[in-house]
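A short write-up of the structure that comes next.
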Amino acid sequence: MTDTFGISFRREERTGAWEIAALPEATIRLFSERDSQVRDLLTKLGIDYDSAPTRERTAASTASKAAKNGEAVGVTPPNAGSWTA
């Protein structure tokens with residue numbers, strides 16, 4: 001695509017994902033569903049996204065991924081100690 005259309009790519013430092021280099025970071029965030037979920041969760045917790053430490057953003061991202069997969073984060077099922085395989 002670079003030779004044919006002149007589109008260049010870059011690696012996103014945090015995730016290693018490839019992105020179109022010409023897209024501004026704000027545009028990528030606008031279309032990122034996970035980013036929206038993380039922002040919503042942090043807002044519900046009373047935490048400002050822009051000043052949130054990486055640790056809090058990562059925790060919110062993990063929680064949104066778990067919700068997508070139908071998992072509960074930090075919750076022990078009832079009678080978990082009595083389960084046997």
Side-chain angles (χ1 to χ4, degrees):
M1 290 184 72
T2 300
D3 293 334
T4 305
F5 299 107
I7 298 171
S8 59
F9 298 89
R10 66 173 180 249
R11 282 250 191 212
E12 202 282 331
E13 291 179 19
R14 189 177 53 81
T15 65
W18 287 100
E19 300 174 339
I20 297 174
L23 289 176
E25 193 65 36
T27 302
I28 293 170
R29 279 196 315 269
L30 178 65
F31 289 96
S32 168
E33 186 174 346
R34 174 87 58 235
D35 187 72
S36 296
Q37 293 168 344
V38 168
R39 286 175 182 272
D40 290 346
L41 180 56
L42 290 174
T43 298
K44 287 177 186 176
L45 296 171
I47 301 168
D48 178 59
Y49 177 88
D50 294 323
S51 61
T54 302
R55 177 185 50 154
E56 290 178 348
R57 288 184 189 187
T58 301
S61 179
T62 300
S64 69
K65 286 177 192 174
K68 176 183 172 185
N69 295 329
E71 303 166 6
V73 176
V75 177
T76 303
N79 303 318
S82 62
W83 291 2
T84 57

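If you take CD1 on I47 and CG on L41, they are separated by 8.0 Å, rounding to the nearest 0.5 Å. Between atom OG of residue S61 and atom CZ of residue R34 there is a gap of 5.5 Å, rounded to the nearest 0.5 Å. Summarising the geometry, atom OG1 belonging to T58 is positioned 10.0 Å from atom CD belonging to E56; distances are rounded to the nearest 0.5 Å. Considering CD of E12 and CD of E25, their distance stands at 6.5 Å, rounded to 0.5 Å.
Taking a 6.0 Å sphere around CD of E33, one finds it holds 12 or fewer heavy atoms contributed by other residues, nucleotides or ligands.
The two residues A22 and R10 make their nearest non-hydrogen contact at N-NH1, 4.5 Å. Contact between R57 and A52 at its shortest, heavy atoms only, is NE-O, 3.5 Å. Contact record, A60 with V38: CB-CG1, 3.8 Å, taken as the closest heavy-atom pair.
Between R11 and W18 there is a side-chain heavy-atom pair separated by less than 4.5 Å.
For residues 44-55, the set of pairs meeting the side chain to side chain donor-acceptor pair (under 3.5 Å) definition, not counting sequence neighbours, comprises D35-Y49, D48-S51.
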